Number of protein chains: 4
Amino acid sequence: MSAVAKKKESASADASSFAKSQLRALVERIERLEEEKKALADDIREVYGEAKANGFDTKALRAVVRMRGQEPAERQEFEAIVELYRDALGIGGN
Amino acid sequence: MSAVAKKKESASADASSFAKSQLRALVERIERLEEEKKALADDIREVYGEAKANGFDTKALRAVVRMRGQEPAERQEFEAIVELYRDALGIGGN
Amino acid sequence: MSAVAKKKESASADASSFAKSQLRALVERIERLEEEKKALADDIREVYGEAKANGFDTKALRAVVRMRGQEPAERQEFEAIVELYRDALGIGGN
Amino acid sequence: MSAVAKKKESASADASSFAKSQLRALVERIERLEEEKKALADDIREVYGEAKANGFDTKALRAVVRMRGQEPAERQEFEAIVELYRDALGIGGN
DNA sequence: CCGGGAGGAGAGGTCC
DNA sequence: GGACCTCTCCTCCCGG
């Protein structure tokens with residue numbers, strides 16, 4: 001028979017203890033994962049740095065990567081709307 | 001904390017007093033200007049909100065405003081580089 | 001061309017005209033506000049220049065201004081954390 | 001066409017080929033890293049889901065995690081402010 | 001579908 | 001004058 005079942009008093013204490021240790025575990029797992037995520041972000045930044053060192057235009061490079069990661073359809077629609085607005089403003093107003 | 005500041009004041013009262021009031025005036029002016037700047041930023045955000053409420057695509061609208069605020073030459077060059085990169089990757093890779 | 005078609009066209013034309021003038025008005029307002037915002041940024045830069053001319057360390061001055069702006073928020077957050085821990089522990093929840 | 005001109009052409013072609021493969025390699029590396037990063041983001045989301053399933057308030061939990069990450073930086077800044085005020089007062093120089 | 005929060009891109013400032 | 005780096009703003013995505 002467990003201590004919890006035996007003592008009603010400690011029941012709530014145990015519950016709160018349990019919640020605390022659970023919270024701790026969750027926060028640790030999250031922080032560990034975020035650490036890894038951050039490391040990857042750093043790696044990516046490094047690659048862009050490398051690209052820059054090799055004479056690539058990182059802004060354009062980012063734009064290309066972004067384009068590749070998105071549906072052609074939505075991209076086209078966006079461009080169409082931009083054109084529409086530019087026309088409405090007199091297209092020379094760029 | 002206050003004890004430290006107090007001690008400092010006593011140490012070189014006159015020179016430090018003058019510097020202090022000057023500093024205060026400068027900080028106040030800066031904070032006032034930044035406040036106004038922030039208010040304008042809010043106004044701008046509001047206008048975009050209004051645009052959205054009237055059915056405009058705010059993302060496209062922002063793009064158009066950005067375009068209008070920049071030299072055509074640099075814009076074209078940027079687009080050219082992007083095209084170059086896309087070609088190099090096989091232009092279908094969008 | 002039928003009268004109906006014509007009416008439709010006019011209607012569209014009107015709607016589009018309206019949208020056009022709306023768009024123009026919005027863009028003008030935005031650009032005006034951004035102009036003012038930029039002017040304020042210039043003013044702020046001027047004040048820092050003045051401070052520097054009077055022997056202040058502008059980098060430190062900027063840091064001071066920044067911190068003054070952040071302190072209240074930090075304090076609030078710091079005091080809010082206890083409450084948040086409580087929530088995170090599920091005390092109020094299920 | 002002169003030999004010199006030809007040589008130049010070949011050189012350009014080679015350079016461009018090289019740039020192309022370099023570009024491809026860079027983009028591939030970036031996309032691979034972003035994929036991994038996204039996977040970690042998914043893992044993190046999963047952990048929050050698990051937390052929620054165990055009765056935790058995920059919003060509060062997120063806030064707690066965020067604050068834990070910010071606290072050290074804030075503390076440093078807060079303790080640095082005295083030094084900064086001294087500098088801002090021009091004590092050390094201009 | 002909207003608002004808020006997290007992440008990324010761009011602008012500005014500092015240092016070399 | 002250029003590169004790095006911080007900071008603000010914009011965009012995207014999740015949760016409600």
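Letters A, B, ... are given to chains in the order of the sequence lines, protein chains preceding strands, and every chain is numbered from 1. Note that the coordinates shown come from a computational prediction; the quantities given were computed from them, not determined experimentally.
- Remark: P of dC12(F) and CG of Asp42(D) are 18 Å apart, rounded to the nearest angstrom.
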Q) What string of B, S and - do you get for nucleotides 7-16 of chain E, 5' to 3', if B is base contact, S is sugar-phosphate-only contact and - is no contact with any protein heavy atom under 4.0 Å? A) SSSS--SSS-
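- Every residue was checked against the side chain to side chain donor-acceptor pair (under 3.5 Å) condition with Glu28(C), not counting sequence neighbours, and none meets it.
- Residues that satisfy the side-chain contact (heavy atoms from CB on, under 4.5 Å) test with Ala88(B), not counting sequence neighbours, are Lys20(D), Leu23(D).
- Leu33(C) places its CG atom 14 Å from the P atom of dC9(F), with the value rounded to the nearest Å.
- Glu46(A) pairs by the salt bridge (charged side-chain N to carboxylate O under 4.0 Å, His left out) definition with nothing, not counting sequence neighbours.
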Enumerate, atom names and distances included, each donor-acceptor pair closer than 3.5 Å involving a side-chain atom of residues 34-44 of chain A, sequence neighbours excluded.
from: Asp42(A); atom 1: OD1; to: Arg45(A); atom 2: NH1; distance (Å): 3.0
from: Asp42(A); atom 1: OD1; to: Arg45(A); atom 2: NH2; distance (Å): 3.2

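- A rotation axis mapping the C1' atoms of four pairs onto the next four is fitted at both ends of the helix from dC1(E)-dG16(F) to dC16(E)-dG1(F) over five pairs, and the angle between these axes is 0° to 10 degrees.
- Residues in residues 25-44 of chain A take part in no ring pair (Phe, Tyr, Trp, His ring centres under 6.0 Å) pair, two or more places apart or across chains.
- Partners of Arg29(C) by side chain to side chain donor-acceptor pair (under 3.5 Å), not counting sequence neighbours, listed by chain and number: Glu50(B).
- Pairs of residues two or more places apart, or lying in two chains, that qualify as ring pair (Phe, Tyr, Trp, His ring centres under 6.0 Å) and include a residue from residues 71-90 of chain B are Phe56(A)-Tyr85(B).
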Under 3.5 Å, which N/O atoms of the protein pair with N/O atoms of nucleotides 1-4 of chain F?
none

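- Taking the side chain to side chain donor-acceptor pair (under 3.5 Å) definition, one finds that Glu79(A) meets it with nothing, sequence neighbours left out.
- Residues meeting the side chain to side chain donor-acceptor pair (under 3.5 Å) test with Gln22(D), sequence neighbours left out: Asn54(A).
- Environment of CD in Glu77(B): sparse, with no more than 12 heavy atoms of neighbouring residues, nucleotides or ligands closer than 6.0 Å.
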